[in-house]
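Written out below as structure tokens is the structure these notes cover.
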Amino acid sequence: MKRILLISLIVINTLLMMAFTFYLMKLPWLASDEKFLIWSTTALNFANRERPDSEDFVLINTSYDLELIDRYDEFGFPVGNQAITDRQKLAQFFHAINSGSAKPKFIMTDIHFVDSSTSDHELTRELALMDNIILSAHINEQGVLEPPIFNQADYGISDYMIGSAFEGVYKYQLIHSDTAKLLPLKVFESLSKQKSKKNGPFVKVGTNWTMNNFIMNYRILQKDIYDLEAGFNPVSLGELLYLPDEDIQAYVANKIVVIGDFFENDMHETVLEITSGPLILLNAFLTIQQGDTIVNFWFLLLLAISYAYMSYLAFVEGDMIEKRINKIANKKLSRYMAGFASYFLILTIVSICCYILFNIHLNVFFLAVAYYVVDRLAGFLFYHKST
């Protein structure tokens, strides 16, 4: 009878912890204690990373191609000026593409189009002629989606999931509020001709399942775009427009073009370095394209075996790791922390294995707390009563 009860408790706790794991993955933030683990495993992986072929991409920088427009207050009165990306130059660039037969594979734009300018008519005309471009939309401070003012092209959200425990882009989201898709996902859908749909913490992309919120695997780093040998150096929009239309068409033909501010006003802290917004979008697209965070049977099996073992430790006294920690640590401290440390260590190993095998990180801190609480409760209910 006791064995049946123990097995039942282990199975139930394992399933609950797996459900808790996916709930934690769904959250937009991490515990600060996990930052070093994520950084170290990611850095180890990047030591042997393979960058994509730079010939497949064109990065166009708009940091220095700006124009001034009127700025208005909340009541519609002018209060000065604001700088936006020069839309006349964008219209000129799109016109060069539209005037030839050699087209880019796709154009991703990480540019705010929320205010009007004197060049909007030209840009509207050129966008209406393009069918392989996506614009960016943003969520304002009130949590309301602000679509671009141009409705001649599709758009996707280009905001990121910012952790609340510390500043930085560590988790990325595919679908916001169940239906609003982020820009990299919509680009993948268009290029792969696959559809995606959110279901709980997961997103079904084609026939594969992936996490909706995930820690991104960066294939192209910000330092790569400064490295001439890497081949990812962004060209300034204004400089590109000095070329004849035929040369511009040849330069972007059959490539994924990413347009945005790569150097100045759109920089974010990521797991390894400060990275520009458009480069984050490109890496998010590559993460989806390469299936980095696909949840498959083997990932679930690894979690089930690991969690079943830790559940056994929680319901049965005699944890070897806890005993060793008790021997080397301060007795008063180890009385309270040895159990937590043992679970944290096991989960750290499991998380490293999950990342190496499946490119998926676990929220080890909160899981360790959950297992420690179960351990203490089991000790109090079963062993305390028996004594």
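Everything quoted here is computed from the prediction, not taken from an experiment.
- In this model, a donor atom of one side chain and an acceptor atom of the other lie less than 3.5 Å apart for S63 and D261.
- Put simply, CD1 on I294 and CD1 on I288 are 11.0 Å apart, with the number rounded to the nearest 0.5 Å.
- Side chain of E273 to backbone of Q222: a donor-acceptor contact under 3.5 angstrom is found.
- Rounding to the nearest 0.5 Å gives a distance of 8.5 Å between OG1 of T85 and NE2 of H112.
- Listed for the N98 side chain is a donor-acceptor partner under 3.5 Å among the backbone atoms of F94.
- Of the possible polar contacts, one joining the D159 side chain to the I139 backbone as a donor-acceptor pair under 3.5 Å is found.
- No donor-acceptor pair under 3.5 Å is formed between the side chain of K198 and the backbone N or O of T179.
- L241 contributes atom CG, which lies 4.5 Å from atom CD of Q92 (distance to the nearest 0.5 angstrom).
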For the pair S99 and Q249, evaluate side chain to side chain donor-acceptor pair (under 3.5 Å) and give the outcome as yes or no after the intermediate values.
CA-CA 9 Å; S99 62; Q249 294 162 16; 3.2 Å; yes
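- A donor-acceptor pair is defined here as one N or O able to donate and one able to accept, closer than 3.5 Å; no such pair exists between the side chain of N363 and the backbone of F366.
- Y218 and M267 fall into different hydrophobic clusters, where Ile, Leu, Val, Met, Phe, Trp and Tyr are joined by side-chain heavy atoms under 4.5 Å apart, directly or via other members.
- Ring-plane geometry between Y307 and Y371 is classed as perpendicular, the angle between the planes exceeding 60 degrees on a 0 to 90 degree scale with a lower cut at 30.
- Between atom CG of residue D115 and atom CD of residue Q82 there is a gap of 4.5 Å, rounded to the nearest 0.5 Å.
- Considering only heavy atoms from C-beta on, D56 stays 4.5 Å or farther from I256 through its side chain.
- Taking both residues in full, the closest heavy atoms of P278 and D110 are given as N-OD2, 3.2 Å, listed atom of the first, atom of the second, then distance.
- Not less than 6.0 angstrom separates the ring centroid of F344 from the ring centroid of Y372.
- Nearest heavy atom pair, residue T207 against residue Q194, reads N-OE1, 4.3 Å.
- To the nearest 0.5 Å, atom OG of residue S54 and atom NZ of residue K255 are 8.0 Å apart.
- Using a 4.5 Å heavy-atom threshold, the side chains of V58 and P104 count as separate.
- A continuous path of ILVMFWY side-chain contacts below 4.5 Å connects F202 to W298, so both sit in one hydrophobic cluster.
- Under the 4.5 Å side-chain criterion, counting only non-hydrogen atoms from C-beta, F285 is in contact with L191.
- Of the possible polar contacts, one joining the S136 side chain to the I111 backbone as a donor-acceptor pair under 3.5 Å is found.
- The only member of T287, L185, L182, N213 that meets side-chain contact (heavy atoms from CB on, under 4.5 Å) when paired with L174 is L185.
- Between L123 and F113, some side-chain heavy-atom pair lies under the 4.5 Å cut-off.
- The only option from D65, T118, D120, T124 that meets the side-chain hydrogen bond (donor to acceptor under 3.5 Å, both in side chains) definition with R87 turns out to be D120.
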Counting only pairs under 3.5 Å, give me each side-chain donor-acceptor contact of residues 146-157, with atom names and distances, residues two or more places apart or in other chains.
residue : atom : partner : partner atom : Å
E146    : OE2  : N140    : ND2          : 3.4
D154    : OD1  : K186    : NZ           : 3.0
D154    : OD2  : K186    : NZ           : 3.3

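- For the pair S351 (side chain) and L347 (backbone), a donor-acceptor distance under 3.5 Å is absent.
- Of the candidates K181, K204, K197, K181 is the only one forming a salt bridge (Lys or Arg N to Asp or Glu O under 4.0 Å) with E189.
- Clustering ILVMFWY residues whenever any of their side-chain heavy atoms sit less than 4.5 angstrom apart, transitively, puts V374 in a cluster other than the one holding V11.
- Under a cut-off of 6.0 angstrom, the local environment of OH in Y64 is crowded, with over 12 non-hydrogen atoms contributed by other residues, nucleotides or ligands.
- Side-chain N or O atoms of T210 include one that pairs as donor or acceptor with a backbone N or O of T293 at under 3.5 Å.
- The aromatic rings of F299 and F358 stand perpendicular to each other, their planes meeting at an angle above 60°, with 30° marking the opposite boundary.
- Distance check, rounded to the nearest 0.5 Å: CG of N81 to CZ of R71 gives 10.0 Å.
- With respect to L240, the side-chain contact (heavy atoms from CB on, under 4.5 Å) criterion is satisfied by exactly one of N61, I60, D247: I60.
- Closest non-hydrogen pair, Y309 versus I346, comes out as CE2-CD1, 4.0 Å.
- For Y226 and F263, the gap between ring centers is short of 6.0 Å.
- Remark: side-chain polar atoms of D224 are paired, donor with acceptor, to backbone N or O of L221 under 3.5 angstrom.
- Between A91 and E126, the shortest heavy-atom contact is O-CG, 3.6 Å.
- The shortest non-hydrogen separation linking L282 to F57 is CD1-CE2, 3.7 Å.
- Side-chain contact between V257 and I97: absent, with no pair of heavy atoms (C-beta onward) separated by less than 4.5 Å.
- Heavy atoms of other residues, nucleotides or ligands lying less than 6.0 angstrom from CZ of R51 number more than 12.
- Ring planes of F214 and Y172: tilted class, angle from 30 to 60°.
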